[in-house]
Peer 1: 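There's a structure below that I have some questions on.
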Amino acid sequence: MKNVTIMGAGYVGLPTAAHWASQHNVTVYDPFNDKIKCVKGTIEGKNDNYIHEKGLDEKLRNNKSRLIFTSSLENALENPDFVFIAVGTPPNNKGRADLSYVAQAASDIGKVINKDCIVVNKSTVPPGTAYLVEEKINDELKKRGEQYNISVGSCPEFMAEGTAMENLRTPDRIVFGCDNPKALDALTNFFLYQHDRSRLVPMRTVSSELTKYAANSMLASRLSFMNELSILCDEIGADVKEIERGIGLDFRIGKKFLKAGFGYGGSCFGKDTMAISQFGRLSGVDLGVINAAIKANGDVVDHFFQKIRQHYAGNLSGRNLAIWGVGFKAGTDDLRDSRSVELVKRLERDGANLVVYDPVPMALTNFNQLGLANCVTCNEQYDTALEKIDGIVIGNEAMSFRDPDISKLTVMRNKVIFDGKNCVVEPALNDLRENGFIYKSMGKDIMAACVDKNKLVRFLEEEYMS
Ligand code: UGA
């Protein structure tokens, strides 16, 4: 059993603490006392947590005897074997990761630490940040005239919102880096408490930092690839879902993260692709593939918006649209970089009136805080004044959108569904068709009169046979 301190009680720090406390004594430090109070209240069953993560509160309660929450630095850093930094690295106005919170955490460690320990950065950062952290700690130690043996490494996090607890329990891999071999061994042993050696991927520090950007950028690029392909599918009457299956079964490609839609969102993919692109540029390396993925992610929202607009002959003024799903993905209240919110803003600017529903109540609360004009929220999926609705726009892949109760939708004055995530399942699609609905999606336009053979043949003759 080790003494672990986690700096930062956010989306990464809090679930990680809850999970590790199954085996270690974990102290969580956050300078915001409100957060500390809130999480303590949650553990005592007094209030809701400020993070909505499946299984998190239960884990916190189960492991409460090995968890300490504090906003006192001295208490947090009294006796740690390992200190993990898990603070935010939001994009700054140049699209680069803002390292000021990481640097602050490092200085804070240097100010109060009184023993040798290993410091590990978990925040998503540009390569080299661990060296910066080391320097900040040593600067503070020097000021105090103290000298401790503090090795600094990195251990990027790969959990996703909504599945964080499951990802922590059964990770595909644990990537960690440290240039000091003894510290790397100590980290290996720390992770061996819970995970099989085959899951551990020790490496040099900068490689581990870059691995995180590489993973998110590859997934984002893969999605941009599929999203672009869906636009081509729309053009020629192909079905992107069939292509997903057709390529996903190739083990070299794999099935995951192939689902096309009107763009990827969330607090990570957009931020991290931008950050690595900037890092590449500043390092003199043009990351053309990633830059293209970023551009494609903007274009694909526009494509979906134009598809909706064209359906109403280019005029959205006075149209009433129901928006199903505003969280950046299903099951989250997080609206950061939500493509759905981006789309809502465009629809609203173009004159549409919007009735917004999401199965996660906090997502609606957060949406209301955006203060957008011509938008009202609604707490029930089928209570969106449907008889006045000209179309439903699906903005995320929540379960209840996949197989909607069509009998409740037939009152709509214009029977159209725009499925930005291609999530409505096959039997429901048949029901829609039978009930006279128009269904438009991203690369799966089942109402299109099949493939326009004649058009394709003329095109091939003209462009490919001269
Ligand atoms: C992502 C990564 O998946 C995690 O591994 C990583 O740890 C995390 O970022 C992070 O850096 O902290 P997250 O942002 O929570 O996790 O969400 P994802 O589930 O990856 O989804 C991102 C976006 O891709 C969503 O908008 C989702 O709808 C979209 N997506 C995902 C698709 O459009 N199609 C797919 O097939 C999969």
Side-chain angles (χ1 to χ4, degrees), residues 8 10-16 51-54 86-91 97 121-125 155-168 170-175 209-230 240-241 243-245 247-248 253-276 293 296-297 300-301 304 325-343 358 363 394-398 401-402 419-423 441-444:
Y11 279 99
V12 171
L14 196 55
T16 307
I51 288 177
H52 297 267
E53 191 59 57
K54 199 171 144 208
V87 297
T89 50
N121 180 47
K122 259 207 163 299
S123 307
T124 303
V125 291
C155 173
E157 184 49 63
F158 298 101
M159 68 193 182
E161 279 179 41
T163 54
M165 301 316 294
E166 191 187 320
N167 297 154
L168 282 161
T170 54
D172 290 346
R173 79 297 200 192
I174 310 247
V175 170
E209 290 169 324
L210 189 54
T211 300
K212 169 68 190 225
Y213 276 154
N216 275 1
S217 303
M218 180 170 277
L219 292 171
S221 305
R222 185 174 156 102
L223 290 177
S224 271
F225 174 88
M226 291 306 293
N227 296 343
E228 249 180 8
L229 208 61
S230 77
V240 77
K241 283 273 171 205
I243 295 170
E244 283 169 22
R245 276 195 298 278
I247 63 174
I253 296 173
K255 290 187 209 166
K256 293 187 179 163
F257 276 75
L258 281 185
K259 290 196 195 84
F262 70 115
Y264 55 77
S267 65
C268 308
F269 283 2
K271 164 178 83 81
D272 294 350
T273 45
M274 195 72 85
I276 192 177
N297 201 46
V300 77
V301 179
F304 190 48
V326 280
F328 85 88
K329 64 178 174 180
T332 180
D333 62 325
D334 193 346
L335 305 190
R336 285 178 290 176
D337 207 13
S338 160
R339 301 289 84 192
S340 182
V341 171
E342 184 67 30
L343 182 73
D358 195 293
I394 298 182
N396 71 29
E397 58 286 82
F401 307 156
R402 299 180 196 188
D419 182 356
K421 295 304 250 179
N422 295 348
C423 68
S441 62
M442 293 296 302
K444 186 184 167 54

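Every heavy atom of this structure was used, including side-chain atoms; hydrogens, water molecules and symmetry mates were not. One-based numbering along the sequence shown. Both counts, for ligands and for their atoms, begin at 1 and track the order of listing.
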Peer 1: What do you reckon, does Lys256 put a non-hydrogen atom under 4.0 Å from ligand 1?
Peer 2: no

Peer 1: Polar contacts were defined as any N/O atom of the residue lying under 3.5 Å from an N/O atom of the ligand; does this apply to Phe158 and ligand 1?
Peer 2: yes

Peer 1: Taking distance alone, with no angle check, do Met159 and ligand 1 share an N/O pair under 3.5 Å?
Peer 2: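 There is such a contact, yes.
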
Peer 1: Does any N or O atom in Phe328 lie less than 3.5 angstrom from one in ligand 1, N or O only?
Peer 2: yes

Peer 1: Using a strict cut-off of 4.0 Å, indicate which atoms of ligand 1 neighbour a heavy atom of Glu157.
Peer 2: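 Result: 7 (O).
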
Peer 1: Is the shortest heavy-atom distance from the side chain of Tyr264 to the side chain of Asn216 under 4.5 Å?
Peer 2: no

Peer 1: Taking non-hydrogen atoms only, is Glu397 closer than 4.0 angstrom to ligand 1 via side chain, backbone, both or neither?
Peer 2: side chain

Peer 1: Check whether any heavy atom of Ala160 sits under 4.0 Å from an atom of ligand 1.
Peer 2: yes

Peer 1: Could you tell me whether Glu244 and Lys444 make a salt bridge, using a distance below 4.0 angstrom between a side-chain N and a carboxylate O?
Peer 2: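 Salt bridge between Glu244 and Lys444, a charged N being under 4.0 Å from a carboxylate O: no.
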
Peer 1: Do Thr273 side-chain atoms and Gly270 backbone N/O form a donor-acceptor pair below 3.5 Å?
Peer 2: yes

Peer 1: Minimum distance, heavy atoms only, to atom 17 (O) of ligand 1: which one of Arg336, Lys259, Lys329 is it?
Peer 2: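 The residue whose heavy atom sits nearest atom 17 (O) of ligand 1 is Lys329.
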
Peer 1: Considering only heavy atoms, does Val12 approach ligand 1 within less than 4.0 Å through its side chain, its backbone, both, or neither?
Peer 2: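 For Val12, there is no contact with ligand 1 at all, from either part.
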
Peer 1: With respect to atom 15 (O) of ligand 1, which of Glu161, Glu244, Lys271 exhibits the smallest heavy-atom separation?
Peer 2: Glu161

Peer 1: At under 4.0 Å between heavy atoms, which part of Arg339 makes contact with ligand 1: side chain, backbone, both or neither?
Peer 2: neither

Peer 1: Among Tyr11, Tyr213, Phe262, Phe257, which one puts a heavy atom closest to atom 31 (C) of ligand 1?
Peer 2: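 Of the listed residues, Phe257 has the closest heavy atom.
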
Peer 1: Could you check which of Gly266, Gly265, Ser224, Ser267 puts a non-hydrogen atom nearest to atom 22 (C) of ligand 1?
Peer 2: Gly265

Peer 1: What part of Lys421, side chain from CB on, backbone N/CA/C/O, both or neither, has a heavy atom under 4.0 Å from ligand 1?
Peer 2: side chain

Peer 1: Just heavy atoms, cut-off under 4.0 Å: does Thr124 contact ligand 1 by side chain, backbone, both, or neither?
Peer 2: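 Neither part.
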
Peer 1: Name the option, out of Gly420, Cys268, Pro156, Ser123, that contains the heavy atom nearest to atom 12 (O) of ligand 1.
Peer 2: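 Selected option, by shortest heavy-atom distance: Cys268.
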
